[in-house]
Amino acid sequence: MEAESIDAQDIAYQWHWQMGRILQKQSNISAATQAYNRAYKALKSLRNDLVAINPDVQFSFRESIEPVYRQYVDLLLQLQENPIQNPDNLVQARQVIESLQLAELDNFFRSPCLVPRVDLDQLVEKEISTAVIYPIILDNRLEIITRLPGQDTIYRKTTKVPKDVLEKTVEQLQKDLPVASREPDVKQISKQLYDWLIKPIESDFANKGITSLVFVLDGSLRNIPMAILYDQQQQKYLIEKYAISLMPGLQLLAPKSLNNVQLNVLIAGVEQERLIEGKSFSELSNVTQELKQVQSLVKSSKELLNQEFTKTNLQNQIQSTPFSIVHLATHGQFSSDIEQTYILAWDSLLKVRELDSLLRARGESRPETIELLVLSACKTATGDKRAALGLAGVAVRAGARSTLATLWTIDDESTSEFMGELYRQLDAGVTKAQALQRAQLAILAKENRPYFWAPYVLLGNWL
């Protein structure tokens, strides 16, 4: 084909995509899948040039790129219903969804992300109590692919819920969660999502000793905490049954438990009201209490509060000392727009690219990796359906093995209580996911409204 012979992959992928759609309409699923495979490969080869080659392609990602991946997955799963044709279709479908997530992050940063270094399957093999769950949102259904430890098989379950119904449900929950008084509505919607997402697969966990769930979330599901899903039958939230963490589709840093790491924490916060870059930020009255709580529970720490929490000071501290944890208690926002994804320092908004270079700066001077980045008092941008893409972007680019963040702000003493329990558990030597679970359960025992205990999510290495 001429477009391929001159390496015009941006034209080639569109041609193969069009061919795939025509063949699918002719009910030639096998040939359509092959055409989509060629389109998918062309897009993969475009990754490094997506910005330079054609900005229009990049900016219309949702219209021009994302559908190729989703439609290809749809066809692979249709073929998978006849395993004699190709038993690897399920594995390929999962790889395509991971590639879509990587392409989304490329699109968010307007540059290619790093190449993954660790295979998630290898991690699961070592962690015998952990299951990995990949929900895939397709136009007419939700596909759930599950990987269990100690087994070569990956499981697939289908929930017949249309994409628009699922997304409206998630959107409503996202609106209700930051309002403490809406607990009954939250529980009702969370039950519906549990029935769609967890109920079909939970029997697979029986007798397997599964205590941790790792989610590789798709689309709008990233905007809500999985901890909130409610099992009506057992009258338990998911966090009451499992330790939960998220992966942004790929693992960038080799796993390492905090068990053998000295907890040395850089804690920084902005408590006072600020006006920066035309944006007004309210007082966070519990920041001092939160920082004191953390300091009292770790052997070694350095504090930057208010005027001391400048970009320069943060950079100097990170470059000079091998902190295992960086804890930032300040306003921040996650958005699908890279310019609207930031952390508030005293003197500026640290946009995600700046935070990236700042946290990675010690890579040249100090080889030690930040084990955990804690972003307290951040939130997802209101009304942004893909806001959590910004959180995934921060997690991938932060140069930390794990990121713990909040999806909405709780200006409340329960935050400092939560953080106190989190560090107590980390110091006791449990995994990060277990520490998060126990800290959430400690709050839930006193205050069952999800507003107070549910905003926290852990991305990256859960060990």
Side-chain angles (χ1 to χ4, degrees), residues 1-24 29-80 86 88-122 132 134 136-138 143 145 147 154 216-219 222 247-252 336 338 386 389 392-393 396-397:
M1 189 186 135
E2 194 176 339
E4 286 178 329
S5 67
I6 60 169
D7 209 27
Q9 298 291 355
D10 54 329
I11 300 168
Y13 99 81
Q14 293 181 69
W15 191 86
H16 290 307
W17 181 23
Q18 182 62 19
M19 279 301 300
R21 283 179 289 186
I22 291 166
L23 289 162
Q24 186 177 11
I29 301 301
S30 182
T33 306
Q34 288 169 18
Y36 268 93
N37 180 252
R38 286 191 285 271
Y40 165 66
K41 284 179 176 170
L43 278 175
K44 278 184 85 171
S45 71
L46 262 180
R47 252 194 81 201
N48 292 333
D49 304 318
L50 202 54
V51 184
I53 251 183
N54 186 348
D56 295 333
V57 167
Q58 189 206 30
F59 281 97
S60 58
F61 181 86
R62 296 196 77 182
E63 294 75 34
S64 305
I65 309 284
E66 188 175 341
V68 180
Y69 289 89
R70 293 199 184 280
Q71 290 159 17
Y72 180 30
V73 167
D74 196 348
L75 288 168
L76 283 166
L77 293 173
Q78 285 181 48
L79 276 183
Q80 202 265 338
N86 188 346
D88 297 327
N89 285 322
L90 197 52
V91 174
Q92 176 69 358
R94 190 180 65 153
Q95 285 173 351
V96 173
I97 281 296
E98 290 221 10
S99 296
L100 170 60
Q101 301 212 344
L102 192 55
E104 278 186 298
L105 287 168
D106 288 348
N107 183 251
F108 174 76
F109 283 111
R110 306 285 182 244
S111 69
C113 281
L114 301 174
V115 177
R117 298 182 205 162
V118 177
D119 182 354
L120 195 49
D121 285 346
Q122 289 174 2
V132 181
Y134 299 77
I136 302 172
I137 302 168
L138 299 174
E143 294 280 1
I145 294 175
R147 178 75 163 77
I154 54 178
V216 183
L217 292 175
D218 186 24
R222 286 179 290 213
M247 294 287 288
L250 62 162
Q251 175 76 20
L252 290 175
S336 57
I338 193 168
R386 304 168 80 219
L389 186 61
V396 165
R397 283 293 187 92

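Every value quoted in this text rests on a predicted model; they were computed, and no experiment measured them. These values consider heavy atoms only, across backbone and side chains, with no hydrogens, waters or symmetry-generated copies.
Among L23, L76, L75, the one residue that satisfies the side-chain contact (heavy atoms from CB on, under 4.5 Å) test with Y36 is L75. Only one option out of L90, V96, D88 pairs with Q92 in a side-chain contact (heavy atoms from CB on, under 4.5 Å); it is V96.
Distance alone, capped at 3.5 Å, is enough to place a donor-acceptor pair between the Q101 side chain and the L217 backbone.
Heavy atoms only, all atoms of each residue included: S336 and R386 are closest at CB-O, 3.5 Å. When every heavy atom of G20 is checked against every heavy atom of A32, the shortest pair comes out as O-CB, 3.5 Å. Annotation for A39 and W17: closest pair CB-N, 3.9 Å, computed over non-hydrogen atoms. Of all the heavy atoms in G393 and F108, the pair that sits closest is CA-CE2, 4.3 Å. In plain terms, the two heavy atoms of L138 and D74 that are nearest each other are CD1-CA, 4.0 Å. When all heavy atoms of A93 and V73 are compared, the pair lying nearest together is O-CG2, 3.7 Å.
Side chains of R94 and R147 form a contact here, defined as non-hydrogen atoms less than 4.5 Å apart. Between T33 and I29 the shortest side-chain heavy-atom distance falls below 4.5 Å. Taking the side chain as every heavy atom from C-beta outward, V132 and I145 never approach each other to under 4.5 Å.
Side-chain polar atoms of R21 and Q24 form no donor-acceptor pair below 3.5 angstrom.
Residues passing the side chain to side chain donor-acceptor pair (under 3.5 Å) test with D218, sequence neighbours excluded: R70. For Q34, there are no side chain to side chain donor-acceptor pair (under 3.5 Å) partners at least two apart in sequence or on another chain. With sequence neighbours excluded, the residues satisfying ring-ring contact (aromatic ring centres under 6.0 Å, His included) with Y40 are Y69, Y72.
The CG atom of N107 sits 11.0 Å away from atom CZ of F109, with the distance rounded to the nearest 0.5 Å. In this structure, CG on L102 lies 12.5 Å from CD1 on I97, to the nearest 0.5 angstrom. The distance from the CD atom of Q14 to the CE atom of M19 is 15.0 Å, given to the nearest 0.5 Å.
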